[in-house]
Asker: 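Structure in structure tokens, see below.
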Number of protein chains: 2
Amino acid sequence: MSSTYWHPDVAELSLPSVLFALSDPVRLEIVGQLAAWRDGEVPLVCASVGPDMPKSTRSHHLKVLREAGVTRSVQSGRERQLSLRRDELDERWPGLLSAVLAGVPSPA
Amino acid sequence: MSSTYWHPDVAELSLPSVLFALSDPVRLEIVGQLAAWRDGEVPLVCASVGPDMPKSTRSHHLKVLREAGVTRSVQSGRERQLSLRRDELDERWPGLLSAVLAGVPSPA
DNA sequence: AAGAAGGTTCGACTGAAATGGAACTGTCGA
DNA sequence: TCGACAGTTCCATTTCAGTCGAACCTTCTT
């Protein structure tokens, strides 16, 4: 796991931080897209996720998600491949992410 | 249902607002206490919920929860009895509240 | 080596949220 | 009727979050 980045350990995640990270429409949309990603598809990278916006803004939202422990980003070449930390979140707060995702309109 | 207050209808609740309301430790503690309330017990009122703090601050947090649709407060005499809108929230976002509550340390 | 591409960081600005004191409203008890 | 009591509202202050341009760092390409 050569992730380049620091990611918080599951044990040190906090529920308020996670809920806060998920409480923004833009971030919720990003999470929805990550959740819709299927193995075998071309990996989602920063630039390809969320609505159109300046890259510094997008980077900010992705940072909030990453630091809350919701997403993971792994460097690959000059891109960063994004993924949801589904299993880890589910281990810590069973059913939480699923319940949230069920309330997010799935991306077109 | 003589609620004195305006409460948003389930249909008009938004996921980001609910998650935001739940993303604060103080409010999460309040919600945990409301969830622990059992039928037959003396009703929970504003003053008896959450950590010690000025009443204007408490009133603020309760307003956030109420307006997000998480709680309901019904006037009774000079107090306001608080309750969780469990069933309604569960109808709208099944499993969400339960998952959150499972992650909240239950009150002593 | 030079430049483009993908992201991060920094700094500034703006708007929103948290906090708490003080004044106010409505209800109850004496 | 006069407090006392439960809450809300108003207001000021401070802190935090969102937005975005500009500069920067890496990696890839040529």
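Just so it is clear, the model here is predicted, and its values are computed rather than measured. Each chain gets a letter, A, B and so on, in the order the sequences are listed, and its residues count up from 1.
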Asker: Does D:dG18 have its OP1 or OP2 closer than 4.0 Å to a side-chain nitrogen or oxygen of A:Thr57?
Answerer: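 Checking D:dG18 against A:Thr57, no side-chain N or O comes under 4.0 Å of OP1 or OP2.
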
Asker: Looking only at heavy atoms, what is the nearest atom pair of B:Trp6 and B:Glu12, with distance?
Answerer: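 That closest heavy-atom pairing would be CZ2-OE2, 4.0 Å.
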
Asker: According to a hydrophobic-cluster definition based on side-chain heavy atoms being under 4.5 Å apart (Ile, Leu, Val, Met, Phe, Trp, Tyr only), do B:Val45 and B:Tyr5 belong together?
Answerer: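 No, no single cluster joins them.
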
Asker: Verify the contact: side-chain N or O of B:Arg58 to OP1 or OP2 of D:dA6, cut-off strictly under 4.0 Å; return yes or no.
Answerer: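 No, outside the criterion.
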
Asker: If you check every side-chain atom of B:Arg80, which of D:dA6, C:dT8, D:dG7 has the closest atom?
Answerer: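 My answer, after comparing the listed nucleotides, is D:dG7.
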
Asker: Classify the nucleic acid contact of A:Val26 as base, sugar-phosphate or nothing, counting any heavy atom under 4.0 Å across all strands shown.
Answerer: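 Nothing: the residue A:Val26, judged by heavy atoms under 4.0 Å, touches no strand.
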
Asker: Round to the nearest Å and state the distance from B:Arg78 atom CZ to D:dT8 atom C1'.
Answerer: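 Taking atom C1' of D:dT8 as the reference, CZ of B:Arg78 is at 16 Å.
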
Asker: Between B:Val26 and B:Pro51, which heavy-atom pair has the shortest distance, and what is it?
Answerer: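 Smallest heavy-atom distance, with atoms named: CG1-CD, 4.1 Å.
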
Asker: Taking atom types as they are modelled, would you say the side chain of B:Ser56 forms a donor-acceptor pair with the base of C:dG21 within the 3.5 Å cutoff?
Answerer: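 Yes, a donor-acceptor pair under 3.5 Å.
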
Asker: Can you see which heavy atom on B:Val70 is nearest to which on B:Leu84, and at what distance?
Answerer: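 In this case the closest contact between B:Val70 and B:Leu84 is O-CD2, 3.5 Å.
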
Asker: Quick one: is A:Ser59 getting a side-chain N or O under 4.0 Å of the C:dG7 phosphate, OP1 or OP2?
Answerer: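 Indeed not, no polar side-chain atom of A:Ser59 lies that close.
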
Asker: Ignoring the backbone of B:Pro54, work out which of C:dA18, C:dG21, D:dT8 is nearest its side chain.
Answerer: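 Selected nucleotide: C:dG21.
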
Asker: I need the single residue from A:Glu88, A:Glu67, A:Arg85 that forms a side chain to side chain contact (heavy atoms under 4.5 Å, CB included) with A:Pro8. Which is it?
Answerer: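 The side chain to side chain contact (heavy atoms under 4.5 Å, CB included) with A:Pro8 is passed solely by A:Arg85 among A:Glu88, A:Glu67, A:Arg85.
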
Asker: Identify, between A:Gly77 and A:Val64, the residue whose nearest nucleotide on DNA chain D lies closer to the 5' end.
Answerer: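 Looking at DNA chain D, the more 5' nearest nucleotide goes with A:Val64.
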
Asker: NA contact type, B:His60, heavy-atom cut-off 4.0 Å: base, sugar-phosphate, or nothing?
Answerer: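 Base contact.
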
Asker: What is the separation between atom NZ on A:Lys63 and atom P on D:dC20, rounded to the nearest whole Å?
Answerer: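 Whole-Å distance recorded here is 18 Å.
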
Asker: Could you give the CG-to-P distance, from B:Asp24 to D:dC16, as a whole number of Å?
Answerer: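 Interatomic distance, CG of B:Asp24 to P of D:dC16: 13 Å.
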
Asker: Could you state the atom-to-atom distance from CD of B:Glu79 to P of C:dT27 in whole Å?
Answerer: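 The distance from CD of B:Glu79 to P of C:dT27 comes to 13 Å, rounded to the nearest Å.
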
Asker: Closest nucleotide of DNA chain C for B:His61 versus for A:Lys55: which of these residues is on the 5' side?
Answerer: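 By nearest-heavy-atom nucleotide position, the 5'-most residue is A:Lys55.
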
Asker: Decide whether A:Val104 and A:Phe20 are clustered together by the hydrophobic rule: side chain heavy atoms of Ile, Leu, Val, Met, Phe, Trp, Tyr closer than 4.5 Å, transitively.
Answerer: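 In one cluster with A:Val104: A:Phe20, no.
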
Asker: When you check the phosphate oxygens OP1 and OP2 of C:dA17, does a side-chain N or O of B:Arg27 lie under 4.0 Å from one of them?
Answerer: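 Indeed not, no polar side-chain atom of B:Arg27 lies that close.
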
Asker: Please report the distance, rounded to the nearest Å, between CG in B:Leu82 and P in D:dA6.
Answerer: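 B:Leu82 atom CG is separated from D:dA6 atom P by 14 Å.
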
Asker: Within this structure, what is the CG-to-P distance between A:Leu65 and D:dG18, rounded to whole angstrom?
Answerer: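 Between P of D:dG18 and CG of A:Leu65: 10 Å.
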
Asker: From the set D:dG18, C:dG7, D:dG7, return the single nucleotide nearest to any side-chain atom of B:Ala47.
Answerer: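 So the nucleotide nearest the side chain must be D:dG7.
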
Asker: Atom CH2 of B:Trp6 to atom C1' of D:dT8: distance rounded to whole Å?
Answerer: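 Rounded to whole Å, this separation is 17 Å.
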
Asker: Send over the distance from A:Glu67 CD to C:dT8 C1', rounded to a whole Å.
Answerer: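 Those two atoms, CD and C1', are 12 Å apart.
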
Asker: D:dG7 phosphate, OP1 or OP2: any side-chain N/O from B:Tyr5 under 4.0 angstrom?
Answerer: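 Negative; the distance criterion is not met.
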
